[in-house]
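Just so we're clear, the structure is a prediction, and the values are computed from it rather than from any experiment. Counting starts at 1 for both ligands and their atoms, following the listed order.
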Amino acid sequence: MPYYVTTPIYYVNAEPHLGHAYTTIAADVLARHMRQRGEDVFFLTGTDEHGEPVTQAAERLGVTPRELGDRNAVRFKDLAARVGATTDFFIRTTDPEHATVVQEVVQRIQDNGHVYPGTYEGWYCPRCADFKSESEVEDGDRCPIHKIKLDWEKEDNYFFRLSTFQEPLERLYAERPEFVRPEIRYNEALSFIRQGLRDVSLSRARLKWGVPVPWDPEQVIYVWIDALLNYYSALSYAIEGHDLTDRFWPATVHLIGKDILKFHAVIWPAMLMAAGIEVPRSVFVHGFLLMGEQKMSKSLGNVIDPFEVIELFGADALRFYVLREVTFGTDGSVSPEGFETRYTTELANEYGNLASRTLAMVDRFRGGAVPAVRPPDDLAGDFEGLADRVCERFDEVDVSGALDEIWRRIRRVNQWVQDEAPWQLAKDEGSTDRLDAVLSGLVESLRVISILLQPFMPEATDRLLTAIGAEDRSIEAARFGAGEPTGAVAPLEPLFPRIEREPQPAA
Ligand code: MSP
């Protein structure tokens, strides 16, 4: 089955921070999991380089928008690589191939009678690149997201007849309750639609930095129309000489943050309908990573630098932390202290330690050979249906839920090993068989858990699976008892070394 997952394309007006890494990590976890299931996956991310957000930032820095784009696109690309994202393509809206598709689709929308010239007058946020209605304005003239004073704009431009799509959108929502998830965002988008839709600008007259309107090159296409089309255009040129559109369109899931819901859940499907293109299967909306009570953002200056965390603790720890600490789909706070706590208690102690003590016991009690006996039934029972439940969670894009399913097994196995106390069994000659079974069960548990954890922590799980000789990492192999006899175990460096503290000077 095709599985096409996307992240928003990131504005190149500033350097990336953890909030951007977040969506890319979640999308990568989905992509890796679906590949384990043998699905035909395409994973897209990239940068949004046109419009006011970039133009104004470039002006402030005294560089051209293109220069700023070139400088920061590299950083976003680097971030994707550093978090371990297995992207199939990195799109930039300055790619000429993208511009061609944008013009073609906009021309189709015009040919189908959904465009007219008009005058826009109203509030505009240059940071959101969004025309705000009165109900979307805070304190009379402020952007509720960026907290800045809005501009009052008056401009002749072309309009897209969004209002005529009210009914088709209501029908879409009625027929496909999974079109927008979680439910709270579905309700939010639907009530926005039901309030009545205003037509939206499709072009900008004052801006020069963008894709020219095909029938009026004096104007550029509104940056959101341009940006949204990346999901569609990328498929036509991501792989030279191959058009992947028929294979992957409609997209399976667009992952987005809650601030860009209206664009993805209302304008985007309407645009596609207007152009006669199938709408995506679903949009999944995650919350914000907060620092304290506030959204982490470059303009507020309260950001965690993902590059730094990765440098110190590795990409796996960061990937784990953001998806474990904050339920995917809701807002949640992150902090350096929170990170250290999760790292120590869960990664180093619960998972890392289970791995190292298991391998150490196989080494000490059985000379490094995993006993070739059936693991105990009580342990097998604990794993019953686990892989299926994890798959179900992923089908719902419940990334944190999937991780929790797996983590509960880790805790259970830790409890089990305490109860079984193999170090006691080793002292008793009459318990040889039980010790064999316990060790075999522990290795098998680690194997299943680590295969399921692979999408979250590819590097650490790979090391462990390699150490126990488990080659098959497909979802079929993630069933208890399905593994090949692993034979000998190889030595393993700690998966998550403890955080060493500089000794504090005495008070
Ligand atoms: N360029 C547009 C998206 C166009 S998609 C066709 C844009 N870019 S952005 O760089 O401002 O934001 C990109 C994504 O990062 C958004 O989904 C936004 O929600 C997300 N995040 C930015 N800061 C965030 C947090 N602090 N927490 C979680 N996600 C956040 O909007």
- Query: Under 4.0 Å between a Lys/Arg side-chain N and an Asp/Glu carboxylate O for Arg324 and Asp404?
  - Reply: yes
- Should Arg92 and Asp70 count as an ion pair when the cut-off is N to O under 4.0 Å? yes
- Assign the ring pair Phe320 / Trp407 to parallel, tilted or perpendicular, where the plane angle (0 to 90°) is split at 30° and 60°. tilted
- Message: Which label fits Phe76 and His20: parallel for a plane angle under 30°, tilted from 30 to 60°, or perpendicular past 60°?
- Response: perpendicular
- ligand 1 atoms nearer than 4.0 angstrom to some heavy atom of His264 are 5 (S), 6 (C)
- Pull out every atom of ligand 1 sitting under 4.0 Å from any heavy atom of Asp48, numbered as shown with elements. 1 (N), 2 (C), 4 (C)
- Message: If we only consider heavy atoms of Gly287, is any one of them less than 4.0 Å away from an atom in ligand 1?
- Response: yes
- Query: Can you check whether Asp259 has an N/O within less than 3.5 Å of an N/O in ligand 1?
  - Reply: yes
- Query: Quick one: is the NZ or CZ of Arg319 closer than 6.0 Å to the six-membered ring centre of Tyr22, and within 45° of its axis?
  - Reply: no
- Task: Any atoms of ligand 1 less than 4.0 Å from a non-hydrogen atom of His17? List them with their elements.
- Result: 23 (N)
- Nearest protein heavy atom with distance in Å, relative to atom 15 (O) of ligand 1: His20 CD2, 3.7 Å
- Query: Do the charged groups of Arg71 and Asp78 touch, with an N to O distance under 4.0 Å?
  - Reply: no
- Got the closest protein heavy atom to atom 26 (N) of ligand 1, with its distance? Met296 O, 2.8 Å
- Query: What protein heavy atom sits nearest atom 27 (N) of ligand 1, and how far off is it?
  - Reply: Leu289 N, 2.8 Å
- Message: Taking 4.0 Å as the limit for heavy-atom contacts, which would you say applies to Phe263 with ligand 1: side chain only, backbone only, both, or neither?
- Response: neither
- Message: Under a 4.0 Å threshold between the charged nitrogen and the carboxylate oxygen, would Lys132 count as salt-bridged to Asp141?
- Response: no
- Message: With a 6.0 Å cut-off (strictly less than), is the heavy-atom count around NZ of Lys77, excluding the residue itself, greater than 12?
- Response: no
- In Å and rounded to the nearest 0.5 Å, what is the OH to CG distance from Tyr124 to Leu150? 11.0 Å
- In this structure, CH2 of Trp123 is separated from OG of Ser133 (nearest 0.5 Å) by 12.5 Å
- Nearest protein heavy atom with distance in Å, relative to atom 6 (C) of ligand 1: Tyr231 OH, 3.5 Å
- Message: Does ligand 1 come near enough to Phe288 that some N or O of the ligand is less than 3.5 Å from an N or O of the residue?
- Response: no
- Consider every N or O of Tyr11 and every N or O of ligand 1, then say whether any pair is closer than 3.5 Å. yes
- Less than 4.5 Å apart, any side-chain heavy atom of Val285 and any of Val180? yes
- Note on the structure: Out of Ile260, Leu229, Ile9, the nearest non-hydrogen contact to atom 2 (C) of ligand 1 is supplied by Ile9
- Please report which non-hydrogen protein atom sits nearest to atom 13 (C) of ligand 1, along with the residue it belongs to and the distance in Å to one decimal place. Tyr10 CD2, 3.5 Å
- Item | Heavy atoms from other residues, nucleotides or ligands near CD of Glu311 exceed 12 (cutoff 6.0 Å) | no
- Message: Under 4.0 Å from a heavy atom of Ala227: which atoms of ligand 1 are those, numbered in the order shown and with their elements?
- Response: 6 (C)
- Item | Any N/O pair His286/ligand 1 closer than 3.5 Å | no
- Item | Contact (N/O only, under 3.5 Å) between Gly257 and ligand 1 | yes
- Query: Against heavy atoms of Lys295, which atoms of ligand 1 measure under 4.0 Å?
  - Reply: 23 (N), 24 (C), 26 (N)
- Starting from atom 30 (C) of ligand 1, which protein heavy atom do you reach first, and at what distance in Å? Gly19 O, 3.8 Å
- Query: Strictly under 4.0 Å, does any heavy atom of Trp224 approach an atom of ligand 1?
  - Reply: yes
